[in-house]
Amino acid sequence: MARAWVFGDDVDTDQIIAGRYLVKTDPQELARHVMEAIDPKFASKVSKGDVIIAGRNFGCGSSREHAAIALKAAGISAIVAESFARIFFRNAINQGLPAVVCKGVRGGFKSGDIVEVDLEAGEVRNLSTGKTFKFQPMPEFIMRILRAGGMIPYLKQTSGKPGAFK
Amino acid sequence: MAEKILARASKRERVAPGEIVEAEVDVAMVHDITGPMVVEGLREVGVEKVWDPSKIVVVFDHQVPADSIDAAKNHILLREFVREQGIENFYDVFEGICHQVLPEKGFALPGRLIVGADSHTCTYGAFGCFATGIGSTDMVSVFATGKLWLRVPESMRIEIEGKLPRRVAAKDLILYIIGDLGADGASYRSVEFVGEGMRDISVGGRMTMCNMAVEMGAKTAMVPSDAKSKRYLAGRAREPYKVVQSDRGATYVEELTYDASELEPQVACPHSVDDVRAVREVEGVEIDQAFLGSCTNGRFEDLLQAAKILKRRRIPKSVRMIVAPASREVYLQALDRGIMKIFVEAGALVEPPCCAACMGGHTGILGPGEVCISSSNRNFRGRMGSPDAKIYLASPATVAASAVRGAIADPRDI
């Protein structure tokens with residue numbers, strides 16, 4: 001059962017993974033420090049499959065792809081937010097981490113609620129309260145990248161030619 | 001402007017906001033933090049040759065000289081990569097911050113589409129080009145094919161009227177605008193800074209404003225090319241260029257006007273770039289560190305403004321002031337003009353050209369409870385070290401004035 005971790009507006013990439021860890025590229029190493037600035041114990045509390053629910057402008061700031069990598073390696077299976085900063089959004093999709101824009105979701109969850117994200121149906125369900133939030137499903141080319149587990153695995157599956165998704 | 005550049009780059013007659021285009025990139029830049037992941041990605045996909053080595057620029061600026069074995073390994077990896085790929089536009093640890101080096105070396109030209117694996121790539125828009133930050137995996141795509149899908153952004157017009165008063169800088173203006181619009185006030189948009197007031201602002205000041213546009217979510221920011229920016233490019237431009245201007249009657253999703261002549265020194269308070277107040281409101285907050293540098297404000301004119309305040313003054317022992325020129329060129333200029341001597345005599349620490357304290361992973365790291373006033377671009381919690389440190393963002397003049405006072409101070413009072 002996936003649990004929700006709720007965050008506010010403007011969660012920046014420095015909070016997701018601090019500058020001093022960027023020298024590393026190993027996902028597990030990065031995952032140990034994820035969200036450390038907000039909650040030093042976050043990495044040990046989060047379980048595989050958990051979902052982040054956030055407010056506006058999630059992932060603002062630096063272009064560091066380490067942020068999406070760290071969240072995914074920590075076990076996060078999707079991020080549902082009121083809105084995303086654009087570079088983070090692209091990085092998350094490229095890492096195979098669904099980043100879902102869903103209006104009104106922030107107020108519909110508290111940390112610990114049981115959550116289900118249905119990408120095909122375009123629904124986020126709060127199984128603890130019974131409430132459902134709808135979002136515009138992602139276009140097919142993004143779904144193909146997500147199903148492959150990210151852009152790099154996707155390119156390996158296809159001809160190896162980036163742009164082949166077009 | 002954004003639409004015209006993206007239409008040209010995607011070989012289309014015209015493009016409209018919201019459309020997704022596959023655009024051909026003119027220049028692609030990576031640095032020592034984002035580059036290694038690109039090289040690993042290319043190897044994983046099995047790309048043997050980059051699309052065009054002459055269009056790739058690699059700059060070492062975040063961890064220079066290497067401060068750990070991991071950083072040294074990243075440098076080795078990238079040096080091998082540029083050698084193997086025949087990338088000549090490689091600037092090792094000597095040259096400075098990517099966003100200063102690319103304009104200096106004539107890569108940031110009007111009308112170009114430039115992507116960089118760094119969020120502050122939008123700095124180059126000061127020269128009338130479309131420049132935007134992307135992640136490392138997107139850069140794998142670009143290095144392999146020279147192309148990237150982009151959503152054509154809506155354009156937003158910000159007109160600046162009037163002249164900035166004495167000791168009020170372009171930095172104060174952009175901080176004020178971000179404070180007004182919020183951290184996502186220009187999300188996904190292309191921001192055009194125009195008007196009489198903009199023409200009055202130096203090329204360096206325009207770079208500061210475009211640089212920080214990402215702090216309000218902008219995809220890119222641009223200043224129309226004019227005599228001032230052309231003069232800067234004379235003798236630097238690597239290729240001939242054609243200026244792109246907005247059409248008369250171009251459509252904007254939002255049009256705003258700010259009066260620069262009424263502005264006073266501003267400061268962004270911890271822990272968000274949009275918590276902006278007049279320096280007057282936070283005067284007297286004691287500081288431990290003052291940082292002058294970064295791609296936002298490490299240029300010669302920034303150092304000059306600070307030096308005017310620090311000349312024949314001593315920084316109190318309670319404050320560490322760190323100065324890092326944005327590039328070797330800036331460093332040399334400052335040495336020639338005796339500015340570095342002023343800093344050292346005042347008690348500041350001068351570092352080599354690099355990102356320095358701004359990234360919080362190299363030098364000048366803050367400890368718990370410490371307060372820093374910085375000329376850089378981000379004051380996020382933990383940005384410069386401890387999550388329990390506080391960062392105030394301000395202009396070079398305000399940083400220098402605060403260093404002298406040992407507490408946040410208005411540069412007009414010194």
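First the proteins, then the strands, lettered A, B, ... as listed; each starts at 1. Computed over heavy atoms, backbone and side chain alike; hydrogens, waters and symmetry mates excluded.
For CD of A/E140, the number of neighbouring non-hydrogen atoms (other residues, nucleotides, ligands) closer than 6.0 Å is greater than 12. Within a 6.0 Å sphere centred on NZ of A/K45, other residues, nucleotides and ligands contribute more than 12 heavy atoms. Under a cut-off of 6.0 angstrom, the local environment of NZ in B/K49 is crowded, with over 12 non-hydrogen atoms contributed by other residues, nucleotides or ligands.
Heavy-atom distances place the side chain of A/I69, and not its backbone, under 4.5 Å from chain B. There is no contact between B/S272 and chain A, counting heavy-atom distances below 4.5 Å. A/A85 touches chain B through its backbone: at least one of N, CA, C or O sits under 4.5 Å from a heavy atom, while the side chain does not. In this structure, chain A has a heavy atom under 4.5 Å from the side chain of B/S187, while its backbone stays farther away. For chain A, the nearby parts of B/K219 are the backbone and the side chain; heavy atoms of each come within less than 4.5 Å. Contact annotation for A/F89: only side-chain heavy atoms (C-beta onward) come within less than 4.5 Å of a heavy atom of chain B.
Annotation: side chain of B/L150 is in contact with side chain of A/R90 (closest heavy-atom distance under 4.5 Å). You'll find the side chain of A/N91 stays beyond 4.5 Å of the side chain of B/T137, heavy atoms only.
Using a 4.5 Å heavy-atom cut-off against chain B, the contacting residues of residues 49-66 of chain A are A/R56, A/N57, A/C60, A/G61, A/S62, A/S63, A/R64, A/E65, A/H66. Residues of residues 21-34 of chain A placed with any heavy atom under 4.5 Å of a heavy atom in chain B are listed by number as A/L22, A/V23, A/K24, A/T25.
Annotation: the span from A/R86 atom CZ to B/D184 atom CG amounts to 14.5 Å, rounded to 0.5 Å. Note that OG of B/S141 and CG of A/N94 are 7.5 Å apart. Values are rounded to the nearest 0.5 Å. Note that CG of A/D14 and CE of B/M359 are 8.5 Å apart. Values are rounded to the nearest 0.5 Å.
Taking B/R381, B/E40, B/E44 one by one and counting their heavy-atom pairs under 4.5 Å with chain A, the maximum is reached by B/E44. When the candidates B/G382, B/G385, B/G133, B/P387 are compared by the number of heavy-atom contacts under 4.5 Å with chain A, B/G133 comes out ahead. Each of B/V273, B/I134, B/D274 has some count of heavy-atom pairs under 4.5 Å with chain A, and the biggest count is that of B/I134. Annotation: maximal heavy-atom pairing with chain A below 4.5 Å, among B/T132, B/V214, B/I365, occurs at B/T132. When B/N74, B/D67, B/T34 are compared by the number of non-hydrogen pairs under 4.5 Å with chain A, B/N74 comes out ahead. Interface check for chain A: of the options B/G135, B/G46, B/S119, B/G361, the most heavy-atom pairs under 4.5 Å are formed by B/S119.
In this structure, B/R378 contributes its side chain and A/D12 its backbone to no donor-acceptor pair below 3.5 Å.
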